[in-house]
2 protein chains.
Amino acid sequence: MKDVCEIEYVNKEAVEEVKSKMLDDATLLKVAEIFKILGDSTRVKILCALAKRELCVCDLSALINISHSAVSHQLRILRAYNLVKFRKEGKVVYYSLADEHVIKLIEMGIEHAKE
Amino acid sequence: MKDVCEIEYVNKEAVEEVKSKMLDDATLLKVAEIFKILGDSTRVKILCALAKRELCVCDLSALINISHSAVSHQLRILRAYNLVKFRKEGKVVYYSLADEHVIKLIEMGIEHAKE
DNA sequence: TTTATATATGAATATATATTCACATATTCA
DNA sequence: TGAATATGTGAATATATATTCATATATAAA
């Protein structure tokens, strides 16, 4: 790939300039990763719901009309990325947002979506 | 699914309250959609690069070390969502960001990633 | 202790999608 | 016109992942 490009049109200065200014790959990969988490409507719905109020798995299941299992699987992912926290009360597990940061991101997405 | 939930634990008031406050499904789907676009490292790299400077396909290919074809496919997606614009100069097609809005979103993602 | 219920999870399945490959198109230049 | 080059794109492939199903775990209640 690289050697092919040597003999093709490439504005080397431009490429070098941008390369020096760009964030490292690892960071950009992390950026894509967080967006990938937000890039699923079930997870967006869960996060938006939890932004309004603490809810249990069954509530979320009823609210977004999806099986408990599916909700649980998605909550697992959201937990893994520290986007939600939870507390147990007997059999019931209540989920809420880990912090307000995620909502800021989603709100920007909403702005974009509404355009 | 719905009737199963009738006989299970559901805090109906909570669910109704949140449901009334939530954005409609169509909007949330659109939100997830824009995040899905940003949820790929190749596309994030392309957008971050274009945020610095207008670049052609071959430049992008060399910069992020991926085949022309792959870049072209991703640019097609970014074009479809009006995230990038382009101008032709002879054989060469120069791409740039459609607007600064996307970068705001990515910058928030970077903030999150750097935490 | 037995039963019922809320949640979690592994495996299977179905679907989406990123990349590659081959080829098409468009433009420049000899 | 014909060759070279930059980009675009359809099909195939490989991989990721969302959901379902079956089952496990944990807690409460009978």
Side-chain angles (χ1 to χ4, degrees), chain A residues 1 3-11 14-15 28-29 32-33 35-47 54-81 84-96, chain B residues 1 3-11 14-15 28-29 32-33 35-47 54-81 84-96:
Chain A
M1 222 179 314
D3 33 5
V4 172
C5 273
E6 300 289 347
I7 56 159
E8 287 174 353
Y9 172 84
V10 173
N11 184 341
V15 171
L28 294 180
L29 224 140
E33 203 171 34
F35 284 128
K36 190 172 285 182
I37 299 298
L38 301 178
D40 174 85
S41 63
T42 297
R43 287 192 292 266
V44 166
K45 284 177 194 173
I46 290 174
L47 292 171
E54 176 190 70
L55 291 165
C56 72
V57 176
C58 201
D59 289 341
L60 286 167
S61 171
L63 181 67
I64 67 185
N65 205 34
I66 201 175
S67 76
H68 295 173
S69 182
V71 171
S72 201
H73 275 295
Q74 295 310 324
L75 284 170
R76 181 181 162 79
I77 293 170
L78 295 175
R79 243 161 37 213
Y81 284 87
V84 299
K85 61 179 188 244
F86 62 95
R87 68 181 179 85
K88 294 185 78 167
E89 194 173 289
K91 285 177 291 190
V92 183
V93 180
Y94 289 96
Y95 282 86
S96 55
Chain B
M1 220 177 318
D3 34 5
V4 171
C5 273
E6 299 290 347
I7 55 158
E8 286 174 354
Y9 172 83
V10 173
N11 184 340
V15 171
L28 294 180
L29 224 141
E33 204 171 33
F35 284 128
K36 190 172 283 179
I37 299 299
L38 300 178
D40 174 84
S41 62
T42 298
R43 287 192 290 267
V44 166
K45 285 177 192 173
I46 290 174
L47 292 172
E54 176 190 71
L55 291 165
C56 72
V57 176
C58 202
D59 289 341
L60 286 167
S61 172
L63 182 66
I64 65 183
N65 206 35
I66 201 176
S67 75
H68 295 173
S69 182
V71 170
S72 201
H73 275 295
Q74 295 309 326
L75 284 171
R76 181 180 162 78
I77 293 170
L78 295 175
R79 246 162 34 217
Y81 283 87
V84 299
K85 62 180 186 237
F86 61 96
R87 68 182 178 86
K88 295 183 78 165
E89 194 172 289
K91 286 176 291 192
V92 183
V93 180
Y94 290 98
Y95 282 85
S96 55

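Lettering of chains follows the sequences in order, A, B, ..., and the numbering in each one begins at 1. Just so you know, these numbers use all the heavy atoms, side chains as well, and skip hydrogens, waters and symmetry mates. What you are looking at is a predicted structure, and each value in this text was computed from that prediction instead of being measured.
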Can you tell me the distance, in whole Å, between the [atom1] atom of [X] and the [atom2] atom of [N]?
X: H68(B); N: dA18(C); atom1: NE2; atom2: C1'; answer: 17 Å
X: L29(B); N: dA18(D); atom1: CG; atom2: C1'; answer: 14 Å
X: K36(B); N: dA18(C); atom1: NZ; atom2: P; answer: 9 Å
X: I66(A); N: dT7(C); atom1: CD1; atom2: C1'; answer: 15 Å
X: I46(B); N: dG8(D); atom1: CD1; atom2: C1'; answer: 14 Å
X: L55(B); N: dA6(D); atom1: CG; atom2: P; answer: 15 Å
X: L60(A); N: dT19(D); atom1: CG; atom2: P; answer: 13 Å

Quiz item: Is the phosphate of dA8(C), meaning OP1 or OP2, less than 4.0 Å from a side-chain N or O of Y95(A)?
Solution: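 Checking dA8(C) against Y95(A), a side-chain N or O does come within under 4.0 Å of OP1 or OP2.
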Quiz item: Is the shortest side-chain N/O distance from S67(A) to OP1 or OP2 of dT19(D) below 4.0 Å?
Solution: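 So the side-chain polar atoms of S67(A) never come under 4.0 Å of the phosphate oxygens OP1 or OP2 of dT19(D).
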Quiz prompt | side chain to side chain contact (heavy atoms under 4.5 Å, CB included) between L75(B) and L60(B), worked out | solution = CA-CA 10 Å; L75(B) 284 171; L60(B) 286 167; 4.1 Å; yes
Quiz item: Given L38(A) and L47(A), is the side chain to side chain contact (heavy atoms under 4.5 Å, CB included) satisfied, shown in steps?
Solution: CA-CA 9 Å; L38(A) 301 178; L47(A) 292 171; 3.6 Å; yes
Practice problem: Under 4.0 Å from any atom of DNA chain D, heavy atoms only: list the residues of residues 37-44 of chain A that qualify, in numerical order. | Solution: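 Within this stretch, D40(A), T42(A), R43(A) sit under 4.0 Å of the strand.
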Measuring from atom [atom1] of [X] to atom [atom2] of [Y], what distance do you get when rounded to the nearest 0.5 angstrom?
X: C56(A); Y: K91(A); atom1: SG; atom2: NZ; value: 11.5 Å
X: R43(A); Y: Y81(A); atom1: CZ; atom2: OH; value: 9.0 Å
X: I77(B); Y: S72(B); atom1: CD1; atom2: OG; value: 10.5 Å
X: D59(B); Y: Y94(B); atom1: CG; atom2: OH; value: 7.0 Å

Using the test side chain to side chain contact (heavy atoms under 4.5 Å, CB included), find all partners of [X] that sit at least two apart in sequence or belong to another chain.
X: L29(B); answer: S41(A)
X: T42(B); answer: D40(B), I46(B), I64(B), I66(B), Q74(B)
X: R79(B); answer: R76(B), V84(B), F86(B), Y95(B)

Quiz item: What string of B, S and - do you get for nucleotides 22-30 of chain D, 5' to 3', if B is base contact, S is sugar-phosphate-only contact and - is no contact with any protein heavy atom under 4.0 Å?
Solution: -----BS--
Practice problem: Mind running a 4.0 Å heavy-atom check of residues 72-81 of chain B against DNA chain C and sending the residues that fall below it, in number order? | Solution: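 Listed by number, they are H73(B), Q74(B), I77(B).
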Taking every non-hydrogen atom, the tightest pair across [X] and [Y]:
X: G39(B); Y: K36(A); answer: O-CE, 2.9 Å
X: I37(A); Y: L78(A); answer: CG2-CD2, 3.9 Å
X: V93(A); Y: K88(A); answer: CG2-CG, 4.0 Å

Quiz item: How would you list, by chain and number, every residue that makes a salt bridge (Lys or Arg N to Asp or Glu O under 4.0 Å) with E54(A), sequence neighbours excluded?
Solution: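 Salt bridge (Lys or Arg N to Asp or Glu O under 4.0 Å) list for E54(A), sorted by chain: R87(A).
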Practice problem: Mind grabbing the angle between the end helix axes of the helix from dT1(C)-dA30(D) to dA30(C)-dT1(D)? Five pairs an end, 10° rounding. | Solution: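 The two end axes of the helix from dT1(C)-dA30(D) to dA30(C)-dT1(D) meet at 10°.
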